[in-house]
Amino acid sequence: MIEKNKMTEWRSLETRDPDAELSAELLNEFPEGAAEESLTTTSRREFMGVMGAGMAVGAGMMSGCVRKPVEHIYPYSNRPEHTIPGRPKYFATSIPVGGVVSGFLIESHDGRPTKLEGNPDHPTSLGAASAQAQASVLDLYDPERATTPSTSGVESTLADVDTLLAGIAAKAVGNKGEGLALLVESRPSPTYERLLGVVKSTYPMAAIYRDDATERVNARAGMALMGLTGLPFLHVDQATTILAIDSDFIGYEGEAVVNARHFADGRRVVKPGDSMNRLYVIEPTFSITGAMADHRQRCASSDVGGFVSSLVAALAKHGVTVDLDVAALATQKVRDFDEKWIADLAGDLAGATGQSLVVIGERHPAVLHAAVAVINDALGGTGKTVSYLAESGVTEAGTLSDLVSGMNASKVDTLVVLGGNPVYTATGDLDVKTAMAKVATTIVVSSYAKDETAAVATWHVAASHYLESWGDWTASDGTVSVQQPLIAPIFKTRSELEILSALLGKSATSHELVVETWEDRLSGKTWRKALHDGVAVAAKRAPAGTLASAGLNKALAGLKTPTAVSATNLEVNFVLDTKLVDGRNANNGWLQELPDSMTKLTWDNAALMNVKTAGRLGINKTPKRSGVKTYDMVEVSVAGRSVKLAAFISPGLADDTIFLNLGYGRTNGDIATGAGVAVNVLRTQAASAFAGGATVKTVSGRYPLASTQDHWFMGPDPDESPLFAELGERPLVREITQDDYEKHPDAIDHMGVHTPHQENLWPDVQDYSKGQQWGMTIDLNSCTGCNACAIACQSENNISIVRKERVLKGREMHWIRMDRYYRGEPDNPTAVFQPMACVHCENAPCEAVCPVGATAHSPDGMNDMVYNRCVGTRYCSNNCPYKVRRFNYFAYNRDETVTSVNPFLADDEKLSEIQKMQKNPDVTIRFRGVMEKCTYCVQRVNQAKIEAKVTGDGVVKDGDIVPACQQTCPAGAIVFGDQNDPTSRVSILKKQARDYEVLGELNNRARTTYLARLRNPNPAIEKRSPSSHGGDHGEAVAAAHVGDAGHGTHAVDQHTEEKHD
Amino acid sequence: MSDKPITDNANYDPLDGRAPLIIGGHDFHSLTEATSKPLESKATTAWKIIFSISLCGLALYLGLIGWLVWKGTGVWGLNNPVAWGWAIINFVFWVGIGHAGTLISAVLYLFRQKWRTSINRSAEAMTVFAVVCALSFPGIHVGRLWNAYFLFPFPNQMDLWPNFRSPLLWDVFAVGIYGLTSLLFWYVGLIPDLATIRDRATTRGRQIAYGIFSLGWRGSFRHWWNYEKAYMCLAGLATPLVLSVHSIVSFDFAVSNLPGWHTTIFPPYFVAGAVFSGFAMVITLMVIVHKAFGMENIITMRHFENMSKIILLTGTIVGYAYGMEFFIAWYSGSEYEAFAFYNRASGPYAWGYWIMISCNVLSPQIFWFKKCRTNLVVLFIVSIFVNIGMWFERFVIVITSLHRDFLPSSWDYFSPTWVDIGMLIGSFGLFMTLFCLFCRYLPVVATSEVKAVLPQADPHYDEKGGH
Amino acid sequence: MAGIVPDLPRADHFGLLAEYNTPGELYRACEKVRDAGYSVWDAHCPFPVHNLHKAMGLKPSVIPRIVFAGAMMGAGGGLLMQWWMSSEGGYPLIIAGKPLFSWPAFIPVTFALGILGGVFGSVFGMFALNQLPMYHHPLFGSKRFESVTDDKFFISIVADDPKYDREKTMQLLKETESSSVEFVENN
């Protein structure tokens, strides 16, 4: 962190001009590909040499295609400026992840980018990064990445590619690009759009098509209906009352990372009287946004239109007239809603004029996006809680279906696919594969030679990773930042920009292309500053103009009335996976093994449905156990097409809806293969997000699903045994309504198991009141359960993945576990999250039982693991009440060269040279047979302490130590610091009445404490139907205080009994 | 004493009160003959068959250990909440078995229970072999067994010593010392009988072999005089040890904070269970041995009846312990404690719990009837049941407590792999191999001690006018 | 060394060996020999004959004291070791907030080591007192003596005994209920 605070300044090619002749000579001296040859040899020394080259390039930041000769670079003859061996450096870059452009800082160890963190200076990051973004670093080191170009399976060279492209360019210049087609993904990049523009102008006959699952097509079309060219941009920080209509806006949709931060800021309660925003959610699925809701309702996707019409009507009753054709919209309503609920909601929205916000999910049709825009406008939100920003320079492009019909009509002789994987992602009614067969030359630029589209292409060009190439990106709010590489291309790869320029007949490096775009605006100091800050142009986008609902009403008039979803008319929903998106991340082991926030599924998708629907379909509620958990198989059919996959019950989904995650069942690599089932075949251009009239029937066979948490409730399940009925919910996640909290701040304590004053058998030997003592708080009121912390921890601490078969056995290694508990009715529950890692007990149970003292306490209060002392008795894990210790049952980090002598080892136990490059050198790689667990990022703590000793009085300033999980938490829920310093953030938070220790009754004295979750329900709704949520804790406590121990949880009763004793 | 030999001492009730321990009109020499025959005659086919089966078991065990070392602890069914599995279960199971031997020898010796003499030798042997099996498991169950020596306090340049606060380390000392003590106790008892074999030996090889191990014993009474004192001291030391060892083994669980483990009733409950399972195993083996070597007159129905009474007693004690655990779990008012036990009886592993109850608590109850106590078939079957039940007791304690503890989020299910099962079978192979060798090469009955309990061993016997 | 048969007899032969058939005969014979005031002699039997030490006039064994000493050393040493290793002798590790010298936790090992000391005391003490192992002994020269481990009982009077007189002693033994008396060479 210290390093980052004074970030190494970017030095561009220009500043290296003095060495121009040097780089020139290097170019000649170093034949292309020498490095790869050395990569494939087994000599470690040579390999380090190449890394040395990477280091020089990474540190010196020379342009992409220059590599220094191995033997001349290692060791340094003269040290690159600002490089301290063994000290990481941080560089700013930018890249769209899941379609959302954001700014990042990349941690680089000796030229090896190892970790991605958010860029605090970038408005769509604010220092945070999503799980997907952080995991993208792993793709750079994927041993299955394409390393060379190839033509119909045969390895080729970049020279051949250049000649091929030059040929195409020459031909295109002749015939104005006739027969040339480009299929691109959504790329909000000035240079990219510039080049596309040039292509259009130079080859007027050439056709450009765009297909990208993450493109906000519906939102854009909705704006078009309102006469705007642009996209809505949310200002969640301005909103006090929010309605999310099937929109995961603080989870995985849009600018979720900043939205989550702003949403959390809107409900941070530090002292009594702090205000909280209120979130209503209505959705068919159960998103983590839904889990954060104060009030949540379920409705099928096809009922969303109907709900909007009810809302419009209800708003009218509160004097908010929404300017749209109400009658036309009303045709969408085919079922009844909880009108009282909607009325209260409308009242709440209307009451917060100018501070209310309605959000709708991208998967819903344009007309509804337009309608919501009108509603927001009527609520005075426009310009305050939501603004419509003009999009500039989005090149006009056809759709994938246009391309397919074009190819089938043999209008295309050359197809260049820049990114994307249409053969896999295309909807069932588009046969891209056969269409491509009709094209003479198909060139696919992608990372995997084995991916579905590349496999049927005549040419595959290995794409450079974004950490290997240059680019520039425009974030949704208009911020432009430059994508700068941290390492020279490791393999024979090309970036999309380089391909585009080659198509235009001039071979330029991505660096040259980006510089070309910016040279008139940025140069010298300003350019270097842009690279250093990670923000090139901070200018906000211009407003897209004013709303006019004429187009909307015409569209409304044209709406067809949907058939109501019912047991006989099931609705299938196709949703982008929260980890793999549309499948682009399928070969990323970190994401595959990351448990989904709600279902906790890893390595698979499944037919998700709620208990009632499953019951109707005759699906077993509980899996069978034959060694591992296996689940019923179902066949889901829509319009004649069908897929078979496992059925998984996920509480809280709308009745009679089935959810299928996209992105699984790919075959582009060892990781992706065998993970889940591809469901795109069920989609059509008409119904790509959800489809009615589906049928689901159980079929023979069972399928093992690796869910890391199969227990739903925060306590024994009464359905399991009558004996469990008397045992209540356990006070692990404590939740209370804000009112009750205001009335009884001590209620949180009373929820815990009441114990008499706790004494130690021993006098306190260690005086933890002196010196700096590290502690942590996790605010359950902010945590959205987005899993970003889990991946941050994984990449910082070299945590291995263990593959599905071992997750099935329950051997996952994540140091931080996102516990998810459901509350209330199985079919209409609420959900709470609790990130659980080692809580660093002062009286650590694990330490006492270790026979060799391999886990002991540090004087600053951390529970340390001594890996090389550990013999692996696993007693510590048994004695850990939180079960946060993880054991290396096998050698997950075994050196490839070692494993090669052991024929019995599975391939996935081998760690290849390229994979090693990702590892963080500050953290030990654990071998088989040792225990591991959260260390509070001890490497960061100690670095900060050393820094403090070197530069100051040895006292670490508050905020100088930021563990990986805290660093990346979008909601800012995790705070780490010196709990002895009364002014530190952590000790201020710990002073709150809602600060509590999980299982405090065991007298472990955990250093990580949790801040109880607060809910801010609408009193009107709460009065009518006392919520099934954890709120009843609070009520019970309130009751208890007036002497009535009648209601409430066991814990509370117990407390009151104690009181009455 | 009448001239015609008595053939049944279980129902024998002479006017002079006590029934003789040894029947069939044995004298010193016939005893020597009877006990030495198995060693001196050729191996029976029965023995050969049992021994070769045992060897296969042993081979399986060693093979699987090799596999375990090669691949890693993951070859077992262990997972995150359930970090201890069959290795620990088998360890506790075998240690438990290993208690009857020393108990029979030591405690009964101190209580002057002369009937022990016929069975103590093989019971001690059983103890030693059971402890060997037991010790093999903690040895291999650690993740990095090439570093298992870290558990011993050996000097090293880093001044690192084991953590003496850990129950596991207590185990290392307690069980290790128990094994050593049992071995010495057994060997000391063997010396005079080895001398007997030596003096009867016909081949040079046997003379040398037995000569070496009998240490030149020549029956000197001045030796006997120290020997008896030493033996009594050993018994006096072994008795508290045998009680402490299983208490300490129970500390592995009782000292932790896991619901279902963290129980003060464990030490007595484990000791009772150990005696229970130990005697069951003794019966199982004795039934085989005394049939196989025709020792019906030395290992008599009365011995079996006494043992079945102990089984009935200890079985009822563990039954009480099970009940008391449950009561306390409910009475404590601790939800976690209550759940741990409700979960045992009605959770996913309820089947294991009820196997345990029916084998350990119900099946011994038939020993209220003398008919059953004196029926070898019934004895044999029940003893097998008890062994199964006691294995499941450890399974219930280890697995059901671990698989669901405090945080429902970490709850999971444990299923054994073929390696788990193979190793349990294999450990029986190891045990039986050792026991077969023992039956073949060592006197299975403490001959000199049995001679001492014959009526004619009393120096004033002939004064009473024997002949 | 009182009461121990010296292993290096100075006389030209070992002594006399009388055989008996029952424990009773042996018992009464021992009383005679004891009363005759012999000191360097021994009785041999396949099992410890009850109360024979009275008949032989033996003093109580010192084994119990050795055992006690061993046990004390084991326990004391054990506790000392644990204290030293967890504080002075090693890294002062902070473990679960317990003091370096957490004596209650050290009891089990202390106890076990105490037992071990006692066990060693009794076993090896007994070996030492009995001077075992002793693989060569003149008595092994006698063929009859082989049945001492089976069903026969013996008295051996060693030539080194001050009261030993070849004829008289032979006479004394014959007067007992011995079934035979033989002369044992040094071999």
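Crowding of C:Phe68 atom CZ: a count of heavy atoms from other residues, nucleotides or ligands under 6.0 Å not exceeding 12.
Comparing B:Val172, B:Asp27, B:Thr181 by heavy-atom pairs within less than 4.5 Å of chain C, the highest count is held by B:Thr181. With chain C as partner, the option from B:Phe173, B:Tyr187, B:Phe221 having the largest number of non-hydrogen pairs under 4.5 angstrom is B:Phe221. Among B:Phe28, B:Phe251, B:Trp224, the residue making the largest number of heavy-atom pairs under 4.5 Å with chain C is B:Trp224.
For B:Tyr231, no part lies under 4.5 angstrom from a heavy atom of chain C. Only the side chain of B:Ile191 has a heavy atom closer than 4.5 Å to any heavy atom of chain C. Of the atoms belonging to B:Glu228, it is side-chain heavy atoms, and not backbone ones, that fall under 4.5 Å from chain C. When heavy atoms are compared at a cutoff of 4.5 Å, B:Leu237 approaches chain C by way of both its backbone and its side chain. For B:Pro240, the parts sitting under 4.5 Å from any heavy atom of chain C are the backbone and the side chain alike.
Looking at every heavy atom in both residues, C:Pro138 comes nearest to C:Glu185 through CB-O, 3.8 Å.
One finds the CZ atom of C:Phe120 at 8.5 Å from the CD1 atom of B:Ile177 (value rounded to the nearest 0.5 Å).
Counting only N and O atoms by type, the side chains of C:Asp42 and C:Ser156 include no donor and acceptor under 3.5 Å apart.
Taking the six-membered ring where the residue is Trp, B:His246 and B:Phe270 present tilted rings, their angle falling between 30° and 60°.
A salt bridge links B:Glu40 with B:Arg200; the closest basic N to acidic carboxylate O contact falls under 4.0 Å.
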